[in-house]
Colleague: 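Starting off with a structure, shown below.
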Amino acid sequence: MDATKQEPGAAPTTPTESIPASNFIRDIILDDLRTDKCQGRVHTRFPPEPNGYLHIGHAKSIHINFGLAAEFGGKCNLRFDDTNPCKEETEYVESIIEDVRWLGGDWGDRLFYASDYFDQLYEWAVQLIRSGDAYVCDLSAEQVRQQRGTLTRPGEEGPDRNRSVEENLDLFERMRAGEFPDGSRTLRARIDMASPNVNMRDPVLYRILHAEHHRTGNKWCIYPMYDFAHGQCDSIERITHSICTLEFEDHRPLYDWFIEKLGIYHPQQIEFDRLNLTYTLLSKRKLLTLVQKGYVGGWDDPRMPTISGIRRRGYSPEAIRAFCRNMSVSKTNGTTELSALEYYVRNDLNKSVPRVMAVLRPLRVVVDNYPEGWMEELDAVNNPEDESMGTRRVPFSRVLYIEQDDFRENPPKQYYRLTVGREVRLRYGFFIKCVGVVKDERTGEIVELRCTYDPESRGGNSPDGRKVKSTIHWVSAQHAIDAEVRLYDKLFLKENPNETEEGQDFTANLNPKSLEVLTGAKLEPSLHDTVPGNRYQFERLGYFCVDRESSPGHLVFNRTVELRDTWAKIEKKL
RNA sequence: UGGGAGGUCGUUCAACGGUAGGACAGCAGACUCUGGAUCUGCUUAUCGGGGUUCGAAUCCCUGCCUCCCAGCCA
């Protein structure tokens, strides 16, 4: 599916991505440029691990890395940090490539993998052994943990720490040759077991893993740890600014130690705060759980905060970029309100997407004084925000559908939609007045409204200047097309989904009503040939997009986000 | 109780020794053929305590609070 494809009638989105927001990373780069620290170069990278799908939090990182490079005429690489063959898959590589591209990331021909550098990394490990800065350790994982000490107690030096260079070289070579089982030995850096920074207590550099790697196959049975790979990969790629999240702050001394011991190019690491959103989980592990346990339909379920999920939900890349740009970046650990994200989608879609009339929960209306068998076409504006999007014709006839919610038999005072005896406007149509209600004799349920229309009000205004209290949307029953509409709500009921009672996990906070499927929606006929990915505003309801499961015989729409609903607010207070 | 990083409106980001400002949210109003959009106005903040200074959110000291780190994960 190509989510960006729009039918000819739908205008392309026009991003107004103006002034880049100032932030501390940008300031650092500006400063480095001014002092000529990097010979005028700005070279960043986006380094995902292909062990899951990208989410909105990654969009922030993508925006920072690709955005800064673009702004300063630099480059940004896409590099997969694929140092753990047990968790990584090509499915994830492919989805990540698609998502970064969709968000506008341009890596040119610089698509790299940490695994591209395995030979070099191995050589560097040997170099550290030779200089006495690394050793093969025979301790088990459990023993290493014991010996590492705690946050408040220093670690102890292990028995293999002072092995000869020759023995280390021999052992490491045999590790590589596959002579030892998984977990039996590791290569460790020889730094300081008493360091207050736990990361410096002789961290593991290589572990034995007889596992097939998605790219290198069975070439290796030892794999570098992320910490031994990441900084050097950045160095190899001559990255000027290695931008990463806060939790790597106290790994920086380790990376610097490697760079210095190896005597190689030194990128500058800068840490920023990762994105947190209310009512949203942004942890790959937990998102995986939602997928694997079937709480959602998959990684691209429109309720998921994944890039593929929100794309399918109908978000535009422009909206996501605007969100990232305006939320800026800092080192403060906080949680952004979901409403901020929603604001930027509405803001973008309002200007870029055509309007259309759709009735989600139809209520039949018969216009008594409209001649039977008649039909006429009325002009409707495609987007009042953008005249260039033109107009279309919508058919009107004697039997219509309106929204059930747009009629009340016993309305509250502030309700000014249709009610018996009241006149309202049908958008781009006529004034109609409700003159009667038809109910199901058994259930008492309202099944039909009898109305009259004012032929003089064609197009939506009465020549006598008469005013109506409201305008409602409608479709002609005879011309309407059926559709399935999926209404999405927050996936979690709590602002912080991780806040649970004793003994429960985040799944206890799942919103049982996060998805409501409406099968009887009625759409205006102009939607007949729409295709997956197209976005619309259903007038007065919200933004919707055609789902990838939609077909010409069975249209399926996803609700991206509701319109701001002042009435809902009023009603809540009643 | 080791180390690292942070604390500015409800939320988020500015202010870089000189009038604490924007955005989101909220409230009130105007306008409107979407109770949409748009426009106006309003409310609300420098973690506490000491200093330095003509002047401190900003510099110093001190206390408090929050987050991250003890994977052969990244």
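What you see is a predicted model, and the numbers here were worked out from it, not measured in a lab. So that the names make sense, note that chain A is the first sequence line, chain B the second, and so on, each numbered from 1.
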Colleague: Take atom CZ of R408(A) and atom C1' of rG35(B), then tell me their distance rounded to the nearest Å.
Modeller: 12 Å
Colleague: Please work out if Y344(A) contacts a base, only the sugar-phosphate, or nothing of the nucleic acid, heavy-atom cut-off 4.0 Å.
Modeller: sugar-phosphate
Colleague: Whether R564(A) contacts rU34(B) is assessed here as follows: a side-chain N or O lying under 4.0 Å from the phosphate OP1 or OP2. Is that the case?
Modeller: no
Colleague: For the pair H473(A) and E403(A), evaluate side chain to side chain donor-acceptor pair (under 3.5 Å) and give the outcome as yes or no after the intermediate values.
Modeller: CA-CA 7 Å; H473(A) 60 278; E403(A) 208 68 58; 2.7 Å; yes
Colleague: Side chains of D234(A) and S242(A): any donor to acceptor distance under 3.5 Å?
Modeller: yes
Colleague: Assign S339(A) to base, sugar-phosphate, or nothing according to its heavy-atom contacts below 4.0 angstrom with the strands shown.
Modeller: sugar-phosphate
Colleague: Please measure how far the C1' atom in rC9(B) lies from the corresponding atom in rG21(B), and state the result in whole Å.
Modeller: 11 Å
Colleague: Can a side chain N or O of K284(A) be found less than 4.0 Å away from OP1 or OP2 on rC73(B)?
Modeller: no
Colleague: Quick check on rG35(B): is either OP1 or OP2 less than 4.0 Å from any side-chain nitrogen or oxygen of R425(A)?
Modeller: no
Colleague: Need one value for Y543(A): base, sugar-phosphate or nothing, where a base atom within 4.0 Å counts as base even if backbone is also close, heavy atoms only.
Modeller: nothing
Colleague: Just call it for L338(A): base, sugar-phosphate, or nothing, with non-hydrogen atoms closer than 4.0 Å on any strand.
Modeller: nothing
Colleague: Nearest whole angstrom, please: distance from the P of rU34(B) to the CG of N461(A).
Modeller: 10 Å
Colleague: What's I570(A) touching, base or sugar-phosphate or nothing? Going by heavy atoms closer than 4.0 Å.
Modeller: base
Colleague: Should rG41(B) form a Watson-Crick or G-U wobble pair with both distances under 3.5 Å, which nucleotide is its partner?
Modeller: rC27(B)
Colleague: How close or far is atom P of rC73(B) from atom CZ of R145(A), stated in whole angstroms?
Modeller: 11 Å
Colleague: Using heavy atoms to find the nearest nucleotide of RNA chain B for L139(A) and N383(A) separately, return the residue whose nucleotide is more 5′.
Modeller: N383(A)
Colleague: When we call it a touch if two heavy atoms are under 4.0 Å apart, what does N51(A) touch: a base, just sugar-phosphate, or nothing?
Modeller: nothing
Colleague: rC13(B), rG35(B), rA25(B): which one has an atom nearest the side-chain heavy atoms of S328(A)?
Modeller: rC13(B)
Colleague: Would you mind classifying the nucleic acid contact of P384(A) as base, sugar-phosphate or nothing, using non-hydrogen atoms under 4.0 angstrom?
Modeller: base
Colleague: So Y206(A), base contact, sugar-phosphate only, or nothing? Heavy-atom distance under 4.0 Å.
Modeller: nothing
Colleague: Just to be sure I understand the rule, does G334(A) reach a base, reach only the sugar-phosphate, or reach nothing, if contact means heavy atoms closer than 4.0 Å?
Modeller: sugar-phosphate
Colleague: Calculate the interatomic distance between Q269(A) atom CD and rC68(B) atom P; express it in whole Å.
Modeller: 18 Å
Colleague: Check every strand shown and say whether T152(A) touches a base, only sugar-phosphate, or nothing at a heavy-atom separation below 4.0 Å.
Modeller: base
Colleague: May I ask you to check whether E524(A) and S526(A) show a side-chain donor-acceptor distance below 3.5 Å?
Modeller: yes
Colleague: Under 4.0 Å between any heavy atoms, over every strand shown, what does Q537(A) touch: base, sugar-phosphate, or nothing? Just pick one.
Modeller: base
Colleague: Remember a base hit wins even if backbone is also touched, and classify K573(A) as base, sugar-phosphate or nothing at under 4.0 Å, heavy atoms.
Modeller: sugar-phosphate
Colleague: Can you find a side chain N or O atom of S330(A) that sits less than 4.0 Å from OP1 or OP2 on rC13(B)?
Modeller: yes
Colleague: Would one find a side-chain N or O of S470(A) under 4.0 angstrom from OP1 or OP2 of rU34(B)?
Modeller: no
Colleague: Does a distance-only test, which skips hydrogens and angles, find a donor-acceptor pair under 3.5 Å between the side chain of E385(A) and the base of rU38(B)?
Modeller: no
Colleague: In whole Å, what is the span from the NZ atom of K413(A) to the P atom of rG35(B)?
Modeller: 21 Å
Colleague: Confirm from the modelled atom types if R417(A) and rG35(B) form a donor-acceptor pair under 3.5 Å, side chain to base only.
Modeller: yes
Colleague: If we count only N and O atoms by modelled type, under 3.5 Å, do the side chains of R190(A) and N168(A) hold a donor and an acceptor together?
Modeller: no
Colleague: Would you please confirm or rule out a distance under 4.0 Å between OP1 or OP2 of rG36(B) and any side-chain N or O of R427(A)?
Modeller: no
Colleague: Touch check for V329(A), heavy atoms < 4.0 angstrom, all strands: base, sugar-phosphate only, or nothing?
Modeller: sugar-phosphate
Colleague: Taking 4.0 Å as the cut-off, does a side-chain nitrogen or oxygen of R148(A) come that near to OP1 or OP2 on rC72(B)?
Modeller: yes
Colleague: May I ask you to verify if any side-chain N or O of Y226(A) is less than 4.0 angstrom from the OP1 or OP2 atom of rC73(B)?
Modeller: no
Colleague: Distance criterion of 3.5 Å, no angle test: do you see the side chain of E249(A) paired donor-to-acceptor with the base of rG3(B)?
Modeller: no
Colleague: Counting any heavy atom closer than 4.0 Å, what does H251(A) reach on the DNA or RNA strands: base, sugar-phosphate only, or nothing?
Modeller: base
Colleague: Can you measure N197(A) atom CG to rC68(B) atom P for me and round it to whole angstrom units?
Modeller: 16 Å
Colleague: With under 30° as parallel and over 60° as perpendicular, where do the rings of F118(A) and Y223(A) fit, or are they tilted in between?
Modeller: perpendicular
Colleague: For rG2(B), take OP1 and OP2 only and decide whether either is under 4.0 Å from a side-chain N or O of R153(A).
Modeller: no
Colleague: Is K469(A) near enough to rU34(B) that one of its side-chain N or O atoms lies under 4.0 angstrom from OP1 or OP2?
Modeller: no
Colleague: Give the rounded distance in Å between these two atoms: CZ of R346(A) and P of rU38(B).
Modeller: 11 Å
Colleague: Taking the same atom, C1', in rA45(B) and in rU12(B), what whole-Å distance lies between them?
Modeller: 13 Å
Colleague: Indicate whether any N or O donor in one side chain lies under 3.5 Å from an N or O acceptor in the other, for E49(A) and N51(A).
Modeller: yes
Colleague: Let me know, please, whether D227(A) or S457(A) comes out on the 5' side of the other along RNA chain B by nearest nucleotide.
Modeller: S457(A)
Colleague: Separation of L246(A) atom CG from rC67(B) atom C1', in whole Å?
Modeller: 8 Å
Colleague: Parallel, tilted or perpendicular for H58(A) and H55(A), by the 30°/60° rule?
Modeller: tilted
Colleague: OP1 or OP2 of rA74(B) sitting under 4.0 Å from any side-chain N/O of T83(A)?
Modeller: yes
Colleague: Working note: S328(A) + N23(A), criterion side chain to side chain donor-acceptor pair (under 3.5 Å); need CA distance, chi angles, decisive distance, verdict.
Modeller: CA-CA 6 Å; S328(A) 196; N23(A) 67 63; 4.5 Å; no
Colleague: Check whether more than 12 heavy atoms from other residues, nucleotides or ligands sit under 6.0 Å from atom CD of E387(A), and answer yes or no.
Modeller: no
Colleague: Within 90° of 0 counts as syn, otherwise anti: where does rG10(B) fall?
Modeller: anti
Colleague: On the side chain of Q414(A), is there an atom forming a donor-acceptor pair with the base of rG35(B) - under 3.5 Å, no angle test?
Modeller: no
Colleague: Within the modelled atom types, does a donor on one side and an acceptor on the other bring the side chain of D250(A) and the base of rG3(B) under 3.5 Å apart?
Modeller: yes
